[in-house]
Participant: 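Below is one structure. I have some questions about it.
Model, not experiment: these values are computed from the prediction. No hydrogens, no waters, no symmetry mates; every other heavy atom, side chains included, goes into these values.
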Amino acid sequence: MHITNVLCFVGAGQRWESLRKSSKYPNLVRWYNSVSAEYSDALNEVTALYVGKKGLGKQVAAKPKEQKSADGNSSDKVNLGSRPSSEIDLPYAELGKVRLRFAPEPSGYLHIGHSKAALLNQYFAQRYQGEVILRFDDTNPTKESNEFVENLIKDVETLGIKYQKITYTSDYFPKLMDMAEKLIKEGKTYVDDTPREQMQKERMDGIESKCRSNSVEENLKLWKEMIAGSERGLQCCLRGKLDMQDPNKSLRDPVYYRCNPVPHHRIGAKYKLYPTYDFACPFVDAEEGITHALRSSEYHDRNAQYYRIQEDMGMRKVHIYEFSRLNMVYTLLSKRKLLWFVQNGKVDGWDDPRFPTVQGIVRRGLKIEALIQFILEQGASKNLNLMEWDKLWTINKKIIDPVCPRHTAVIEERKVLLTLTDGPDEPFVRIIPRHKKYDGAGEKATTFTKRIWIDYADAEYISVNEEVTLMDWGNAIVKEIIKDQDGNITQLVGVLHLQGSVKTTKLKLTWLAETSELVNLSLVEFDYLITKKKLEEGEDFLDALNPCTKKETAAIGDSNIRNLKQGEILQLERKGYFRCDVPFVRPSKPVVLIAIPDGRQQSMLK
């Protein structure tokens, strides 16, 4: 029905376009934008076929009623900051009254999937001049820790999220306990001691628990056993009394409280039972005055449960806004699976460059601006999709290439010495730009000598009497190629030909002067942790582990590399982009440079 109505408006052509851009029908425009965003692919296909190639055109934000800004001036503008190419409206949103929350569980570090939720919360808060709360959903002490809390705060701030305050679900434990007891007394919940596996089967089959008909008095008695953490209490859980025959299985008497004797990372051993996310989230959202709860579409079936629980609690309704979960090829986003890699020593920690965590991808060389642009370009689409890393790294390259300094490295293994017989008898130094098109990159010192190092891979392509270009110096002619008994090149001999044209040479070579000032390097490349683009349901990720995900290559670099700071991004000419992971400390310890994908190839180790 919604799609049919939208098509009627699209078919009206310019008249509808004129109405959309006016401020006369804000509610109608908001409805149109919401529906066209949800069914954009189908609508564009139909309109292209029956209405014309124009399709849906650009969305026009519904204009809110004129309101006074902070300085007293009338304004209907919303500060969007960076925005997706198509604006998305937040249903029922009022300018200046929107309150959102980003609520990660402190059981791991923030990853790229969480980043989408965090940035969309900020996008809508900025657009509607509202605010975002950072709330830690700390209801499972078995998985949570202060380490994760501290690093989640760090990651959120790295993303540039401006949150109004930090709260914790555990702040509301006393009120949640009171609410649970109130619902028991109202007959809306019951305590169940059915074994977990049997309970799951009964829920799937729509079979009511034998405990569902317990009296209020019996439920309160068992509830006190749960609070005490007694042997009897540990056998029980608290369930909502909803509808065991509902086709939506999330409404089949979900669990509200479970016993857990593990001490909580914030409040210690005060409690022996903890609320589930399903119970705590709708309560705390309403209690904190949240107007809109952004949830990924994987929770779609639980939306009815969320609203029903709020209704049973007698609390204010919070609007749910769905967006599609961000999935990346060859990537695991489950914190349980990522934890396996950490605990089994397959990675160096949660900030490992192979991880999709914010700290991991930043350590690999991703600029936060690229991540923000990548996510906001997707908007708040509800369409599930599998994204390629190539697009993200291509955006990143466009950001770093115009400004990152250029340096030179030669691979240590089998490096070849080129002797220029007419080269300078005494080494000399020139100061040249670190980036020929960006003065802000500064300058570097380049040493010129008659004996220089080049890569073996380059030497293999050189022929006797071939003229080559030595980058940042000029041309030279190779007169002699010396090989060992196995046919491997060991030395080259040549002469300078600085008057030669670089346009006429086939090979442009990077090189380093043979001096004691060169810096030892370790060039590190990474590959995906798994070998399948997407794991199907039921597939074990352990069966798809990539046996080779890290490669280290010894190299020598120009003397200026000793001045790099940790985190600085550079380009090794003709080798790619790198991020300085371990800067220069002493000559015997190599500078570690991590290779940054450029969007053209991802599996670099094959």
Side-chain angles (χ1 to χ4, degrees), residues 61 64 67 69-70 77-84 87-106 108-139 148-172 277 280-297 299 306 310 315-326 357-358 368-369 371-382:
Q67 300 192 28
S69 61
K77 294 181 180 178
V78 180
N79 178 22
L80 291 173
S82 298
R83 68 173 76 179
E87 286 185 359
I88 304 295
D89 285 328
L90 195 59
Y92 311 105
E94 294 183 50
L95 199 68
K97 295 182 180 180
V98 169
R99 196 176 216 202
L100 307 158
R101 71 352 182 223
F102 175 55
E105 180 187 4
Y109 286 36
L110 204 71
H111 61 54
I112 190 169
H114 302 131
S115 301
K116 180 175 182 178
L119 290 167
L120 284 175
N121 271 285
Q122 170 138 303
Y123 165 75
F124 283 123
Q126 288 180 343
R127 180 169 181 198
Y128 290 97
Q129 296 178 9
E131 60 188 23
V132 178
I133 290 173
L134 173 58
R135 182 204 305 152
F136 289 102
D137 178 38
D138 54 345
T139 59
F148 293 139
V149 170
E150 292 164 4
N151 279 281
L152 284 167
I153 293 173
K154 174 183 175 182
D155 295 339
V156 166
E157 291 176 349
T158 296
L159 290 174
I161 305 300
K162 307 298 182 186
Y163 51 85
Q164 189 251 341
K165 62 179 178 178
I166 295 176
T167 65
Y168 298 81
T169 298
S170 55
D171 293 337
Y172 300 91
Y277 173 85
C281 185
F283 176 88
V284 180
D285 281 349
E287 187 74 12
E288 289 188 336
I290 302 303
T291 60
H292 297 77
L294 270 60
R295 288 159 57 120
S296 63
S297 52
Y299 289 105
Y306 179 97
Q310 277 186 342
M315 304 194 78
R316 177 185 57 82
K317 182 178 178 179
V318 176
H319 299 294
I320 292 175
Y321 187 85
E322 288 186 338
F323 60 91
S324 64
R325 173 181 168 139
L326 177 61
T357 56
V358 170
I368 290 299
E369 305 96 286
L371 178 60
I372 293 173
Q373 183 180 334
F374 174 72
I375 288 174
L376 292 185
E377 278 183 1
Q378 299 172 45
S381 168
K382 297 178 179 63

Participant: Measure the OH-OG1 distance between Y172 and T167 for me, rounded to the nearest 0.5 Å.
Facilitator: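 Y172 OH to T167 OG1: 5.0 Å, rounded to 0.5 Å.
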Participant: According to side chain to side chain donor-acceptor pair (under 3.5 Å), who are the partners of H114, at least two apart in sequence or on a separate chain?
Facilitator: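 Side chain to side chain donor-acceptor pair (under 3.5 Å) check on H114 returns H111.
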Participant: Nearest 0.5 angstrom please: K162 NZ to Q122 CD, how far?
Facilitator: 7.5 Å
Participant: Working to the nearest 0.5 angstrom, can you tell me the gap between I133 CD1 and N121 CG?
Facilitator: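 If we round to the nearest 0.5 Å, I133:CD1 and N121:CG are 10.5 Å apart.
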Participant: Taking the side chain as every heavy atom from C-beta outward, state whether V284 and R101 have any atom pair closer than 4.5 Å.
Facilitator: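 A side-chain contact is absent here, since even the closest heavy-atom pair is not under 4.5 Å.
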Participant: To the nearest 0.5 Å, tell me how far S115 OG sits from I368 CD1.
Facilitator: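 Reported to 0.5 Å precision, the distance equals 7.0 Å.
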Participant: Please name all residues satisfying side chain to side chain contact (heavy atoms under 4.5 Å, CB included) with N151, sequence neighbours left out, ordered by chain then number.
Facilitator: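 N151 satisfies side chain to side chain contact (heavy atoms under 4.5 Å, CB included) with Y109, E147, K154, Q359 only.
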Participant: Minimum heavy-atom separation for L159 and I372, please, with both atom names.
Facilitator: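 That would be O-CD1, 3.7 Å.
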Participant: If I compare all heavy atoms of A118 with all of I161, which pair ends up nearest, and what's the gap?
Facilitator: O-CD1, 3.6 Å
Participant: Verify side-chain contact (heavy atoms from CB on, under 4.5 Å) between V318 and Y306, making sure each step is shown before the conclusion.
Facilitator: CA-CA 9 Å; V318 176; Y306 179 97; 3.4 Å; yes
Participant: Mind checking what makes side chain to side chain contact (heavy atoms under 4.5 Å, CB included) contact with P104, not counting sequence neighbours?
Facilitator: F102, L134, F136, L152
Participant: Taking atom CZ of F148 and atom CD of E105, what is their separation to the nearest 0.5 Å?
Facilitator: 10.0 Å
Participant: So, for Y321 and D89, which heavy atoms are closest and what is the spacing to 0.1 Å?
Facilitator: CE1-O, 3.8 Å
Participant: Which heavy atom of S324 sits nearest to which heavy atom of S297, and what is that distance?
Facilitator: CA-OG, 3.7 Å
Participant: Which atoms form the tightest heavy-atom contact between P106 and V149, and what is the distance?
Facilitator: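 Scanning both residues, the minimum pair turns out to be CB-CG2, 3.6 Å.
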Participant: Holding to side chain to side chain contact (heavy atoms under 4.5 Å, CB included), I want the full list of residues that pass it with E369, two or more places apart in sequence or in another chain.
Facilitator: K367, I399
Participant: Side chain to side chain donor-acceptor pair (under 3.5 Å) with S296: which residues, sequence neighbours excluded?
Facilitator: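 S296: side chain to side chain donor-acceptor pair (under 3.5 Å) contacts with E298.
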Participant: Of all the heavy-atom pairs spanning L326 and K116, show the shortest one and how long it is.
Facilitator: CB-CD, 3.9 Å
Participant: If you define the side chain from C-beta out and look only at heavy atoms, does anything of H292 sit under 4.5 Å from F124?
Facilitator: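 Heavy-atom side-chain distance check fails, nothing below 4.5 Å.
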Participant: Under the rule for side chain to side chain donor-acceptor pair (under 3.5 Å), what residues qualify as partners of T357, not counting sequence neighbours?
Facilitator: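 By the side chain to side chain donor-acceptor pair (under 3.5 Å) rule, T357 matches no residue at all.
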Participant: Look at the side chain of D155 and the backbone N and O of L110, then say whether any donor-acceptor pair between them is shorter than 3.5 Å.
Facilitator: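 Yes, because the side chain of D155 sits within donor-acceptor range (under 3.5 Å) of the backbone of L110.
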Participant: Apply salt bridge (charged side-chain N to carboxylate O under 4.0 Å, His left out) to R135 and list each qualifying residue two or more places apart in sequence or on a separate chain.
Facilitator: D285, E288
Participant: So, using salt bridge (charged side-chain N to carboxylate O under 4.0 Å, His left out) as the criterion, who are the partners of D137 when residues are at least two apart?
Facilitator: none
Participant: List in chain and number order the residues that pass side chain to side chain donor-acceptor pair (under 3.5 Å) with Y299, two or more places apart in sequence or in another chain; answer none if no residue qualifies.
Facilitator: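 For Y299, no residue satisfies side chain to side chain donor-acceptor pair (under 3.5 Å) once neighbours in sequence are set aside.
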Participant: Using the salt bridge (charged side-chain N to carboxylate O under 4.0 Å, His left out) criterion, which residues pair with R99? Sequence neighbours excluded.
Facilitator: E131
Participant: Indicate yes or no: at least one non-hydrogen side-chain atom of L120 is less than 4.5 angstrom from one of L100.
Facilitator: no
Participant: Measure the OH-CG distance between Y128 and L90 for me, rounded to the nearest 0.5 Å.
Facilitator: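 Going from the OH atom of Y128 to the CG atom of L90 covers 5.5 Å.
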Participant: Residues in side chain to side chain contact (heavy atoms under 4.5 Å, CB included) with K317, at least two apart?
Facilitator: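 Counting only residues at least two positions away or on another chain, K317 forms a side chain to side chain contact (heavy atoms under 4.5 Å, CB included) with Y307, Q310.
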